[in-house]
Amino acid sequence: MPQRFNILRAYAKKQHPPNIPSAIYFSHTETTLTIFDAFPKSFFHFLILPRRTSSVSIFDLANLPTLLRKDKFKARETLLGLNSESLRLRAKIEEEMQVRFGFKWDVWIGFHAVPSMEHIHLHVISADLCGKAMRTKKHYNSFSPKSGFFIPLADVLSLFDAAPSYYDTMSEFKKSQYEPKLKEDFVCFHCDLPQRNFPILKAHLLSEFQQLRKQAQRQQERAVDSTGIQGPNKRKREGEDDTSSMSQGPQAKKCQLDEDRPRESQNSIMDLD
DNA sequence: GTTCTAGAAC
DNA sequence: GTTCTAGAAC
């Protein structure tokens with residue numbers, strides 16, 4: 001599907017990004033564009049794209065190896081731009097985690113070693129892998145920190161301090177080295193235990209997430225008990241837990257951060273394909 | 001991305 | 001027999 005392959009490049013080329021469908025567009029700066037991932041693999045899943053500048057063309061931004069080979073200084077500048085935008089985004093996601101889930105958890109920031117679409121895109125994804133579009137072993141392994149296919153932005157940035165030969169080797173991101181990782185057996189990224197098949201893994205991930213949440217709630221309650229001050233989140237009784245409904249159904253579509261977006265456009269996030 | 005299906009795993 | 005995977009076709 002050629003349209004799918006080039007869709008990110010088309011977004012990145014937009015002179016006026018807010019023209020991008022509101023279900024996709026999130027925000028932009030002079031040098032970056034942030035969009036919702038159309039197929040969220042976690043409760044929160046965004047992409048940050050570099051936009052072309054006077055010194056970095058749309059072709060230089062085709063993929064990471066191209067950018068890294070082009071010009072070390074400009075490559076570094078581009079990636080630092082993505083980095084600062086990702087930190088701002090993470091802060092917003094954490095706010096939203098607190099509001100919607102009553103606690104915050106990790107956010108991963110990095111690239112797929114072998115991307116499936118043209119134009120550099122940085123994944124900013126919450127560390128749960130319980131998203132509605134998480135459906136195959138390949139999906140899971142492409143984000144699990146255990147598989148080595150997901151390359152943290154920090155690792156790429158550290159290449160600029162490495163020996164030139166190491167920089168050259170690592171910045172190739174060879175298919176032959178990374179693609180086999182997608183086929184490996186899956187282990188839970190929380191507890192390292194192997195999972196027999198995908199449905200079992202999914203259920204396990206959700207229960208790990210719920211455990212994390214309960215743990216955080218207990219900690220907050222302890223803080224409340226010791227200070228006598230009510231924390232930012234109201235306590236929830238067991239029956240009121242809404243985690244499972246967030247993993248599927250209309251609730252899962254609520255992965256936007258800006259409260260102003262109309263409900264219709266939220267729904268279309270998931271109906272893109 | 002989804003749907004379909006042969007054959008493997010249980 | 002049922003559940004699940006993975007590849008092909010779309």
Side-chain angles (χ1 to χ4, degrees), chain A residues 1-14 20-26 33-49 62-64 108 110-126 128-144 146-150 175-209 244 246-256 261 263-273:
Chain A
M1 264 163 226
Q3 207 207 333
R4 160 131 256 110
F5 187 67
N6 283 316
I7 188 85
L8 297 183
R9 171 177 280 170
Y11 291 149
K13 279 163 80 171
K14 292 264 188 209
I20 295 167
S22 66
I24 297 295
Y25 173 80
F26 181 69
L33 168 67
T34 302
I35 61 175
F36 295 96
D37 192 296
F39 304 102
K41 307 301 191 294
S42 282
F43 290 130
F44 298 89
H45 190 179
F46 294 83
L47 302 177
I48 304 180
L49 283 54
N63 52 57
L64 215 43
W108 294 324
F111 301 98
H112 277 162
V114 183
S116 54
M117 286 183 285
E118 197 83 337
H119 199 88
I120 289 172
H121 48 286
L122 179 67
H123 290 273
V124 178
I125 181 168
S126 56
D128 50 81
L129 301 184
C130 292
K132 196 186 174 229
M134 173 61 71
R135 281 194 267 247
T136 68
K137 175 194 260 193
K138 203 170 150 182
H139 291 157
Y140 178 77
N141 282 341
S142 74
F143 288 104
S144 167
K146 303 284 173 183
S147 72
F149 188 87
F150 188 80
K175 270 192 186 184
S176 58
Q177 186 186 344
Y178 290 97
E179 271 182 344
K181 296 178 190 295
L182 296 176
K183 301 195 169 183
E184 281 166 18
D185 291 344
F186 27 56
V187 291
C188 170
F189 72 88
H190 296 277
C191 70
D192 265 336
L193 290 177
Q195 304 296 308
R196 194 155 46 81
N197 59 42
F198 198 74
I200 288 171
L201 170 75
K202 279 210 79 155
H204 177 80
L205 287 175
L206 199 57
S207 89
E208 288 276 13
F209 177 74
S244 53
M246 290 268 184
S247 67
Q248 48 185 288
Q251 283 285 338
K253 295 175 179 174
K254 263 185 80 186
C255 66
Q256 89 293 351
R261 253 152 40 94
R263 183 150 284 279
E264 291 71 32
S265 70
Q266 293 170 24
N267 291 345
S268 62
I269 293 174
M270 316 299 294
D271 300 331
L272 263 185
D273 214 21

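So that the names make sense, note that chain A is the first sequence line, chain B the second, and so on, each numbered from 1.
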Checking contacts here: which listed nucleotide (C:dG7, C:dT5, C:dA6) is nearest the side-chain heavy atoms of A:K183?
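Of all the options, the side chain of A:K183 is nearest to C:dG7.
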Of all the nucleotides listed (C:dA6, C:dC4, B:dG1), which has the minimum atom distance to the side chain of A:N197?
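So the side chain of A:N197 is nearest to C:dC4.
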To the nearest Å, how far apart are [X] [atom1] and [N] [atom2]?
{"X": "A:K138", "N": "C:dC4", "atom1": "NZ", "atom2": "P", "result": "22 Å"}
{"X": "A:L182", "N": "C:dG7", "atom1": "CG", "atom2": "P", "result": "12 Å"}
{"X": "A:R196", "N": "C:dT3", "atom1": "CZ", "atom2": "C1'", "result": "9 Å"}
{"X": "A:D185", "N": "C:dT5", "atom1": "CG", "atom2": "P", "result": "11 Å"}
{"X": "A:R135", "N": "C:dG7", "atom1": "CZ", "atom2": "P", "result": "19 Å"}
{"X": "A:K202", "N": "C:dC4", "atom1": "NZ", "atom2": "C1'", "result": "15 Å"}
{"X": "A:Q195", "N": "C:dT3", "atom1": "CD", "atom2": "P", "result": "20 Å"}
{"X": "A:H139", "N": "C:dT5", "atom1": "NE2", "atom2": "C1'", "result": "14 Å"}

Hey, does the side chain of A:K137 come within less than 4.0 Å of C:dA6's phosphate (OP1/OP2), counting only N and O?
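Looking at the OP1 and OP2 atoms of C:dA6, one of them is under 4.0 Å from a side-chain N or O of A:K137.
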Considering only residues two or more places apart or on different chains, which pairs with a residue in residues 39-49 of chain A satisfy salt bridge (charged side-chain N to carboxylate O under 4.0 Å, His left out)?
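Residue pairs passing salt bridge (charged side-chain N to carboxylate O under 4.0 Å, His left out), neighbours aside: none found.
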Does the plane of the ring in A:F143 sit parallel, tilted or perpendicular to the ring in A:H112? Use 30° and 60° as the thresholds.
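Ring orientation, 0 to 90° scale: tilted.
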Hey, what's the ring geometry for A:H123 with A:F150, parallel, tilted or perpendicular (30° and 60° as the breaks)?
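A:H123 and A:F150: tilted rings.
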Is the number of heavy atoms from other residues, nucleotides or ligands under 6.0 Å of A:K181 NZ greater than 12?
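Check passes, neighbour count above 12.
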